[in-house]
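Order of the sequence lines sets the chain letters (A, B, ...), proteins ahead of strands, with each chain counted from 1. These figures come from a predicted structure and were not determined experimentally.
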Amino acid sequence: MGPRGTEVVSRGSLPYNPAGVVEEGAVPELPEVETVVRDLRPHLTGRRITSIESGRKALRKPWKKRWNADLLGQTIRSVERRGKWIVCRLDGDRRLVFHLGMTGQLTVADAGAERESHTHLIFGLEGLRQLRFRDYRRFGSATVYESPAALEQFFARARLGPEPFGLDATYWRSQLARTARSLKAVLLDQRVVAGVGNIYADETLFQARLHPKVVGRDLDATSADRLRRAVATVLNRAIARRGSTIRNYVGGEGLTGSYQREFRVYGRTGEPCPRCGAPIECLRVAGRATHFCPQCQPARG
DNA sequence: ACAGGATCCTGGGGGC
DNA sequence: TGCCCCCAGGATCCTG
């Protein structure tokens with residue numbers, strides 16, 4: 001049994017409000033996830049989990065009932081980011097891990113605050129606060145790993161690549177040199193570098209002045225280095241703006257990001273390139289809508 | 001091994 | 001007005 005005052009609630013379904021306004025999240029890539037982590041950290045660190053409520057609808061990975069008992073009464077010791085994953089370290093060495101998928105939101109709210117639709121998990125915290133996980137499209141996940149080794153095994157099995165900051169130049173060049181895939185596909189591949197999604201892949205390629213369809217192994221060392229630096233530059237700039245808000249994405253404190261105002265190419269099809277004025281084009285590359293400037297990002301060169 | 005495609009999911013928007 | 005279809009794109013599974 002957990003400490004006094006704790007409870008496990010798993011009532012099968014949480015209040016659902018189909019008429020409620022769905023606030024579509026931004027696509028959470030590294031800058032958005034980093035913003036959420038920074039926002040949540042002061043609210044979660046040192047807080048004990050006093051109750052857990054899980055909804056009936058399954059997320060990408062189903063929440064296991066036994067995790068309720070596993071986590072109850074445990075204290076959150078730290079909140080970190082790894083790629084697009086959010087990792088909460090608990091005492092007892094367990095890890096509570098979230099992925100926001102496409103539309104996930106992780107926020108701290110007062111226990112009495114209105115429960116919004118598509119809320120799938122609620123962790124009661126000391127001080128009548130709650131950690132809430134919403135995700136209307138349910139591409140996100142919440143998972144518990146029994147030990148740091150178990151979490152590392154999961155990342156290893158997924159072959160999660162290195163963080164995009166301070167990337168080793170030799171590693172980066174070799175990753176590009178060994179692949180026949182497009183640069184767009186390489187940037188989206190979490191095994192090569194962790195954290196980049198569709199928006200920042202396009203912004204990165206514009207920053208590096210490289211065409212998204214250029215094949216990795218065709219890239220010379222100078223261009224490869226330019227791309228490596230562009231990834232960090234673009235992501236850092238976005239973090240400084242608290243990520244991008246498209247429609248109603250909110251960070252962990254309910255605040256919006258502003259990087260979307262600085263998109264150079266993403267979602268700007270037909271608009272003039274901010275560098276040369278040529279109309280931005282949109283192609284399907286690696287299965288994703290891909291925005292680029294045909295003048296600044298020539299297909300060959 | 002590698003690359004590309006299908007799958008999951010929901011709401012919004014365009015076409016007729 | 002309503003229906004149908006497509007689109008958005010994270011990770012992961014499947015196929016060639």
Side-chain angles (χ1 to χ4, degrees), chain A residues 16-36 55-63 81-87 97-106 116-120 133-143 151 153-161 164 174-205 212-218 235 238 243-249 260 263 265-270 282-291:
Chain A
Y16 181 72
N17 174 19
V21 175
V22 171
E23 297 174 9
E24 181 166 341
V27 185
E29 302 182 32
L30 188 150
E32 291 75 27
V33 175
E34 177 65 23
T35 298
V36 169
R56 186 172 44 81
K57 289 191 172 182
L59 296 164
R60 187 95 171 66
K61 300 176 183 180
W63 178 262
R81 180 192 56 74
R82 175 76 175 91
K84 300 173 194 170
W85 299 88
I86 296 168
V87 179
V97 178
F98 297 95
H99 196 291
L100 301 180
M102 298 283 299
T103 53
Q105 293 179 358
L106 204 52
E116 296 165 295
S117 58
H118 307 284
T119 299
H120 303 294
F133 186 80
R134 291 182 75 201
D135 186 2
Y136 84 88
R137 279 168 67 182
R138 291 186 279 130
F139 274 30
S141 66
T143 317
L151 176 58
Q153 188 178 34
F154 167 71
F155 285 151
R157 279 180 67 93
R159 291 199 281 152
L160 186 64
S174 70
Q175 287 294 309
L176 289 167
R178 68 196 286 275
T179 187
R181 291 185 300 167
S182 65
L183 297 181
K184 173 76 179 227
V186 171
L187 286 173
L188 291 176
D189 188 347
Q190 304 300 297
R191 298 171 298 185
V192 177
V193 57
V196 181
N198 201 43
I199 294 173
Y200 296 108
D202 286 4
E203 294 300 311
T204 294
L205 287 164
K213 288 181 99 166
V214 166
V215 167
R217 65 163 72 119
D218 290 345
L235 293 177
S244 307
T245 298
I246 299 176
R247 300 179 186 90
N248 291 305
Y249 155 84
Q260 71 283 358
F263 286 167
V265 288
Y266 183 83
R268 300 191 60 241
T269 309
C282 183
L283 283 177
R284 202 150 196 93
V285 184
R288 298 286 175 245
T290 300
H291 313 76

What is the separation between atom [atom1] on [X] and atom [atom2] on [N], rounded to the nearest whole Å?
{"X": "A:Arg284", "N": "C:dC7", "atom1": "CZ", "atom2": "C1'", "answer": "8 Å"}
{"X": "A:Leu283", "N": "C:dA8", "atom1": "CG", "atom2": "C1'", "answer": "17 Å"}
{"X": "A:Glu29", "N": "C:dA8", "atom1": "CD", "atom2": "C1'", "answer": "12 Å"}

(message) For A:Gln105 and A:Leu100: C-alpha separation, side-chain torsions, deciding distance, then whether side chain to side chain contact (heavy atoms under 4.5 Å, CB included) applies.
(response) CA-CA 6 Å; A:Gln105 293 179 358; A:Leu100 301 180; over 6 Å; no

(request) Using five pairs at either end of the helix from B:dC2-C:dG16 to B:dC16-C:dG2, determine the angle between the two local helix axes and round it to 10 degrees. (result)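 What I find for the helix from B:dC2-C:dG16 to B:dC16-C:dG2 is an axis angle of 60°.
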
(request) Look at all strands and tell whether A:Arg157 reaches a base, only sugar-phosphate, or nothing, counting heavy atoms closer than 4.0 Å. (result)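 Contact class for A:Arg157: none.
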
(message) List the residues meeting salt bridge (charged side-chain N to carboxylate O under 4.0 Å, His left out) with A:Arg181, not counting sequence neighbours, and say none if there are none.
(response)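 Salt bridge (charged side-chain N to carboxylate O under 4.0 Å, His left out) list for A:Arg181, sorted by chain: A:Asp189.
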
(message) Filter on ring pair (Phe, Tyr, Trp, His ring centres under 6.0 Å), then keep only pairs touching residues 180-200 of chain A, sequence neighbours left out; what's left?
(response)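 Those involving residues 180-200 of chain A are A:Tyr200-A:Tyr259.
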
(message) Suppose the criterion is ring pair (Phe, Tyr, Trp, His ring centres under 6.0 Å): which pairs have a residue in residues 176-198 of chain A, not counting sequence neighbours?
(response)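 Sorted pair list comes back empty.
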
(request) State whether A:His118 places a side-chain N or O below 4.0 Å from either non-bridging phosphate oxygen (OP1 or OP2) of B:dG11. (result)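 Affirmative; the distance criterion is met.
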
Using atom types as modelled and distance alone, determine if a side-chain donor or acceptor of [X] lies under 3.5 Å from a backbone N or O of [Y].
{"X": "A:Lys184", "Y": "A:Val214", "result": "no"}
{"X": "A:Arg81", "Y": "A:Gly83", "result": "yes"}
{"X": "A:Gln190", "Y": "A:Gly161", "result": "no"}

(request) Could you encode protein contacts along nucleotides 11-16 of chain C as a string, one character per nucleotide from 5' to 3', using B for base contact, S for sugar-phosphate-only contact and - for no contact, with a heavy-atom cut-off of under 4.0 Å? (result) BS----

(message) Working to the nearest 0.5 angstrom, can you tell me the gap between A:Leu183 CG and A:Leu188 CG?
(response)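 That separation rounds to 11.0 Å.
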
(message) I'd like to know whether A:His120 forms a ring pair (Phe, Tyr, Trp, His ring centres under 6.0 Å) with A:Phe133, so could you lay out the CA-CA distance, the side-chain angles of the two residues, the decisive distance to 0.1 Å, and finally the verdict.
(response) CA-CA 6 Å; A:His120 303 294; A:Phe133 186 80; 7.0 Å; no

When you compare the protein's N or O atoms with those of nucleotides 1-5 of chain B, which come within less than 3.5 Å of each other, and at what distance?
from  : atom 1 : to       : atom 2 : distance (Å)
B:dC2 : OP1    : A:Arg178 : NH2    : 3.1
B:dA3 : OP1    : A:Thr179 : OG1    : 2.9
B:dA3 : OP1    : A:Ala180 : N      : 2.9
B:dA3 : OP2    : A:Arg181 : NE     : 3.4

(message) Any heavy-atom pair between the side chains of A:Arg134 and A:Ser117 that's under 4.5 Å?
(response)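 Answer yes - side chains close enough.
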
(message) In this structure, is the centre-to-centre distance between the rings of A:Trp85 and A:Phe154 below 6.0 Å?
(response)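 Between A:Trp85 and A:Phe154, which both carry aromatic rings, the centre distance is below 6.0 Å.
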
